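First up is the structure itself, then whatever we jot down about it.
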Number of protein chains: 2
Amino acid sequence: MDAQLRRGVLDVCVLAAIKNENSYGYKIIKDLKPVIELSESTLYTILKRLEDSKMLVVKSVEFEGRLRKYYHITPAGLQRLEEFKNEWKEMMSIYAFIVEADLK
Amino acid sequence: MDAQLRRGVLDVCVLAAIKNENSYGYKIIKDLKPVIELSESTLYTILKRLEDSKMLVVKSVEFEGRLRKYYHITPAGLQRLEEFKNEWKEMMSIYAFIVEADLK
DNA sequence: TTATATACCTCGTGATATGATGTATTCCGT
DNA sequence: ACGGAATACATCATATCACGAGGTATATAA
């Protein structure tokens, strides 16, 4: 998959992955694997960015001796998901242009 | 529109814009305006990149005293458009995941 | 004569994804 | 008991990219 195309959805995929339940880095990667694969370095960069922009909050929890950082989506994060759906409509019309040009 | 999402389609839009007829910078911008807006600096950067990667070829033509650089798509460029259509299928399944997560 | 449209180009900046690398613990097979 | 895989976090350097700001030049319309 084209790198540029990926970038457009990575953030939103991570938000979607934590929408229904608090999750943590390692689990997010495993959950997303069937949908989109991403490395740890990529994920943690994204999580940091989403935290900085207040789309999610973090809570460190001790779990079986290991530290886990649970990520929880915020209202701003939910709003970002809504925005994405609108942006997708725009994307669809752009796609239509590309395909139309392709048929002529 | 989200900057990252744009990046995924900019190159392909430019290719689509020159697919059916040779075009030149200024015209490409005007043709794409209803679909996606892009500045000259953005376009020329893209055209340069597409030329470097052999997706299009350039031919300078004198037109009414002014120089025009006509861009023509190559087989590699056409192949890129085909690839994009396949990538879009992937994108649709990613989108489905995001929306599905949003419904739960 | 002034402004707008046409037509090209370059440079610096900020944002980004990713591989490589590092630390530490637990669990499982042999 | 030992070694490796899995779990879980993190940072850094690098390469790629879009874009605003700025620059050059001609033709046409106000």
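Residue numbering restarts at 1 for every chain, and letters A, B, ... go by the order of the sequence lines. No hydrogens, no waters, no symmetry mates; every other heavy atom, side chains included, goes into these values. Keep in mind that what you see is a predicted model, and the values were worked out from it rather than measured.
- By the 4.5 Å side-chain criterion applied to Ile, Leu, Val, Met, Phe, Trp and Tyr, B/Val57 is assigned to no cluster and stands alone.
- Spacing between atom CG of A/Leu47 and atom C1' of C/dT16 amounts to 15 Å, rounded to whole angstrom units.
- Contacts between residues 51-63 of chain A and DNA chain C, defined by a heavy-atom separation below 4.0 Å, involve no residue at all.
- Residues from residues 86-95 of chain B with heavy atoms under 4.0 angstrom of DNA chain C: there are none.
- Residue A/Leu50 contributes atom CG, which lies 14 Å from atom C1' of C/dA17 at whole-angstrom precision.
- Applying the side chain to side chain contact (heavy atoms under 4.5 Å, CB included) rule to A/Arg6 yields the partners A/Met1, A/Leu10, A/Ile36, A/Leu38; only residues at least two apart in sequence or on another chain are considered.
- Side chain of A/Thr74 to main chain of A/Lys54: a donor-acceptor pair is present (N/O by atom type, distance under 3.5 Å, no hydrogens or angles).
- Side-chain atoms of B/His72 and B/Ile18, non-hydrogen and from C-beta on, never get closer than 4.5 Å to each other.
- Put simply, OH on A/Tyr70 is 11 Å from C1' on D/dA8, counting in whole angstrom units.
- Annotation: side chain to side chain contact (heavy atoms under 4.5 Å, CB included) contacts of A/Arg80 (sequence neighbours excluded): A/Val12, A/Leu15, A/Met55, A/Glu83, A/Phe84, A/Glu87, B/Asp2.
- D/dA8 atom C1' lies 11 Å from atom CG of A/Leu43, rounded to whole Å.
- The residue among B/Leu38 and A/Arg68 whose nearest nucleotide of DNA chain D lies closer to the 5′ end is A/Arg68.
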What nitrogen or oxygen pairs link the protein and nucleotides 10-13 of chain C at under 3.5 Å?
none

Could you go through the salt bridge (charged side-chain N to carboxylate O under 4.0 Å, His left out) check for A/Lys85 and A/Glu82 one step at a time?
CA-CA 5 Å; A/Lys85 285 201 278 182; A/Glu82 284 307 307; 3.6 Å; yes
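- Using a 4.0 Å cut-off on heavy atoms, the residues of residues 4-13 of chain A that approach DNA chain D are A/Gln4, listed by number.
- Here A/Tyr71 contributes atom OH and A/Lys59 contributes atom NZ; the two are 14.5 Å apart, rounded to the nearest 0.5 Å.
- Identified under the ring pair (Phe, Tyr, Trp, His ring centres under 6.0 Å) test for residues 8-27 of chain A, with sequence neighbours left out: A/Tyr24-A/Tyr70.
- B/Asp2 places its CG atom 17 Å from the P atom of D/dC17, with the value rounded to the nearest Å.
- A search for side chain to side chain donor-acceptor pair (under 3.5 Å) contacts involving B/Ser41 returns B/Ser39, not counting sequence neighbours.
- The closest side-chain heavy-atom distance from A/Arg49 to A/Thr45 is below 4.5 Å.
- For B/Ala16 against A/Phe97, the heavy-atom pair with the smallest separation is CB-CE2, 3.9 Å.
- Only at 4.0 angstrom or more do the heavy atoms of residues 26-37 of chain A sit from any atom of DNA chain C, so none qualifies.
- Rounding to the nearest 0.5 Å places CD of A/Glu100 at 9.0 Å from CG of B/Asn20.
- The minimum heavy-atom distance between B/Ile94 and A/Cys13, with the atom names listed, is CG2-SG, 3.4 Å.
- The shortest distance between side-chain heavy atoms of B/Asp11 and A/Gln4 does not fall below 4.5 Å.
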Under 3.5 Å, which donor-acceptor pairs link side chains of residues 27-35 of chain B to any protein atom two or more places apart or in another chain?
unit_1, atom_1, unit_2, atom_2, d
B/Lys27, NZ, B/Glu21, OE2, 2.9
B/Lys27, NZ, B/Asp31, OD2, 3.0

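- By the criterion of side-chain heavy atoms lying less than 4.5 angstrom apart, applied directly or through intervening Ile, Leu, Val, Met, Phe, Trp or Tyr residues, B/Phe63 is not grouped with B/Leu47; the two fall into different hydrophobic clusters.
- In this structure the side chain of B/Met92 never reaches within 4.5 angstrom of the side chain of A/Tyr95, judged on heavy atoms.
- Rounded to 10°, the helix from C/dT1-D/dA30 to C/dT30-D/dA1 has 20° between the axis fitted to its first five pairs and the one fitted to its last five.
- Between B/Ser39 and D/dG20 there is a side-chain polar atom (N or O) within less than 4.0 angstrom of OP1 or OP2.
- Between the C1' atom of C/dT6 and the OH atom of B/Tyr24 lies a distance of 8 Å, rounded to the nearest Å.
- Side-chain contact check for B/Leu67 versus B/Val61: every heavy-atom pair is 4.5 Å or farther apart.
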